[in-house]
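Here is the structure we will look at.
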Amino acid sequence: MLLVLGEEHRDHLQILTQVDSAGKLDVSSSTIQQAVDGLSYLLTESSKLMISEIDFQDSVLVLGFPEEINKILLQLYLDNRKEIRQILTELEPALPHYHNMEWRLDVQLASRSLRHQIKPTVTMKLNLKQNEELSTKVLQTDPATLLHLIQELEEALAEMKTNHCRRIVRNIK
C-alpha cells in the first residue's frame with residue numbers, strides 16, 4: 001500500500017520534513033518517503049471512511065506487520081482520526097450553493113417577418129453563495145428544454161436513493 005498523496009495533503013503532514021534523517025536508519029530516503037506516503041494514505045482513507053477498530057485491524061492485518069506494530073498503528077489511528085477528518089474537511093473545495101432564484105416567462109407573439117409566431121422563453125436569475133459571497137447567473141431556455149432538465153434532475157434524485165449510490169456517497173464522506 002505505497003500510494004503517493006497530493007501536495008495539498010503533504011502540507012498538512014509535517015512529518016514529511018524529517019525524511020532527510022533517513023541516513024540514520026540505514027534506509028534510503030525514497031524508501032522512507034514511500035513508507036510515510038503509505039502510512040498517510042492508510043490513515044487518511046481509514047479516517048475518511050470512519051472505519052471501526054475491528055475493520056482497521058483487519059485492514060492492517062493483511063499488510064503482514066507484526067502484532068505489536070499493528071497495535072501501534074491502531075492506537076495512532078484512534079488518537080488522530082478526528083484531527084485527520086478535520087483537516088480533510090478543510091481541504092474540501094468550497095462549491096457554490098443555492099441562495100435564491102427569480103424567474104420570468106417571456107412570450108414573443110409576433111415579429112416583423114412572422115405575424116403569428118409564439119415563442120416562449122423562460123429566464124432565470126440564479127443567486128449562488130460561496131464563502132459568504134453572492135454571485136448571480138442568468139439562464140435562459142425554452143420550456144421544452146426546461147422540462148427535459150427537470151426530468152433529468154428528478155431521475156438523478158431518484159438514482160441517489162438507490163442502495164448502490166448510498167454506498168458510494170457513504171464511502172466518499
Side-chain angles (χ1 to χ4, degrees), residues 1-22 25 27 29-103 124-139 149-173:
M1 181 181 279
L2 299 175
L3 299 174
V4 179
L5 297 175
E7 284 298 320
E8 64 270 9
H9 300 294
R10 291 182 186 185
D11 292 341
H12 293 284
L13 298 173
Q14 297 173 353
I15 193 170
L16 294 178
T17 59
Q18 300 173 358
V19 172
D20 294 336
S21 65
L25 301 173
V27 180
S29 62
S30 65
T31 304
I32 297 286
Q33 180 73 42
Q34 289 175 343
V36 170
D37 287 344
L39 181 61
S40 301
Y41 181 78
L42 173 69
L43 292 175
T44 54
E45 290 300 312
S46 300
S47 298
K48 191 186 302 182
L49 299 174
M50 284 298 287
I51 62 175
S52 66
E53 293 181 34
I54 296 170
D55 291 336
F56 185 83
Q57 288 175 335
D58 290 344
S59 299
V60 174
L61 188 65
V62 175
L63 299 175
F65 291 130
E67 186 64 32
E68 62 188 48
I69 293 178
N70 289 346
K71 288 180 182 178
I72 292 171
L73 287 174
L74 175 64
Q75 192 61 42
L76 182 67
Y77 167 66
L78 294 175
D79 292 344
N80 296 307
R81 68 179 166 188
K82 290 181 182 174
E83 183 179 350
I84 292 171
R85 283 187 65 82
Q86 179 183 1
I87 291 170
L88 290 175
T89 56
E90 291 172 5
L91 292 175
E92 287 180 353
L95 298 175
H97 58 277
Y98 171 83
H99 181 70
N100 191 18
M101 185 178 89
E102 300 172 17
W103 62 276
M124 296 171 280
K125 182 179 174 184
L126 187 62
N127 295 320
L128 303 175
K129 193 177 211 180
Q130 180 178 10
N131 298 332
E132 302 302 321
E133 293 180 21
L134 288 175
S135 62
T136 302
K137 305 289 182 193
V138 177
L139 309 169
L149 179 64
I150 290 169
Q151 180 184 3
E152 290 294 320
L153 290 172
E154 286 175 347
E155 288 176 10
L157 285 173
E159 180 73 23
M160 285 301 297
K161 294 178 182 176
T162 64
N163 288 335
H164 179 69
C165 284
R166 285 184 181 173
R167 265 187 263 127
I168 291 172
V169 169
R170 186 173 52 239
N171 288 334
I172 289 174
K173 292 180 180 180

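Below, all heavy atoms of this structure are taken into account, side chains as well, without hydrogens, waters or symmetry copies.
- Side-chain atoms of R85 come within 3.5 Å of backbone atoms of S47 as a donor-acceptor pair (strictly under, hydrogens ignored).
- Interatomic distance, M160 CE to E155 CD, rounded to the nearest 0.5 Å: 15.0 Å.
- For E45, the salt bridge (Lys or Arg N to Asp or Glu O under 4.0 Å) test picks out K48, with sequence neighbours left out.
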What pairs of donor and acceptor atoms, side-chain ones from residues 127-138 against any protein atom, are under 3.5 angstrom apart with sequence neighbours left out?
| from | atom 1 | to | atom 2 | distance (Å) |
| --- | --- | --- | --- | --- |
| N127 | OD1 | T136 | OG1 | 3.1 |
| Q130 | NE2 | A94 | O | 2.5 |

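- Among residues two or more places apart in sequence or in another chain, the side-chain contact (heavy atoms from CB on, under 4.5 Å) test is passed with S46 by L42, I51, F56, Y77.
- For I54, the CD1 atom is loosely surrounded, since the number of other residues' heavy atoms within 6.0 Å does not exceed 12.
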Review point. Passes side-chain contact (heavy atoms from CB on, under 4.5 Å), N70 versus L74? Steps please.
Key: CA-CA 6 Å; N70 289 346; L74 175 64; over 6 Å; no
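- One finds the CG atom of L73 at 6.0 Å from the CG atom of L39 (value rounded to the nearest 0.5 Å).
- Remark: Q75 pairs with D79 by the side-chain hydrogen bond (donor to acceptor under 3.5 Å, both in side chains) rule, at least two apart or across chains.
- For D55, the side-chain hydrogen bond (donor to acceptor under 3.5 Å, both in side chains) partners two or more places apart in sequence, or in a different chain, are S52.
- For N163, the side-chain hydrogen bond (donor to acceptor under 3.5 Å, both in side chains) test picks out no residue, with sequence neighbours left out.
- Within 6.0 Å of atom CD in E152, more than 12 heavy atoms from other residues, nucleotides or ligands are found, so the atom counts as buried in its surroundings.
- M50 CE to I84 CD1: the interatomic distance, rounded to the nearest 0.5 Å, is 11.0 Å.
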Point to revise | side-chain contact (heavy atoms from CB on, under 4.5 Å) between R166 and K161, intermediate numbers included | key: CA-CA 7 Å; R166 285 184 181 173; K161 294 178 182 176; 4.2 Å; yes
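- Under a 3.5 Å cut-off, the side chain of T162 and the backbone N or O of E159 do form a donor-acceptor pair.
- With a 4.5 Å cut-off on side-chain heavy atoms, N80 and L43 do not count as touching.
- Between the CG atom in L91 and the OG1 atom in T44 there is a gap of 10.0 Å [rounded to 0.5 Å].
- A distance of 11.0 Å separates CD of E67 from CD1 of I72, quoted to the nearest 0.5 Å.
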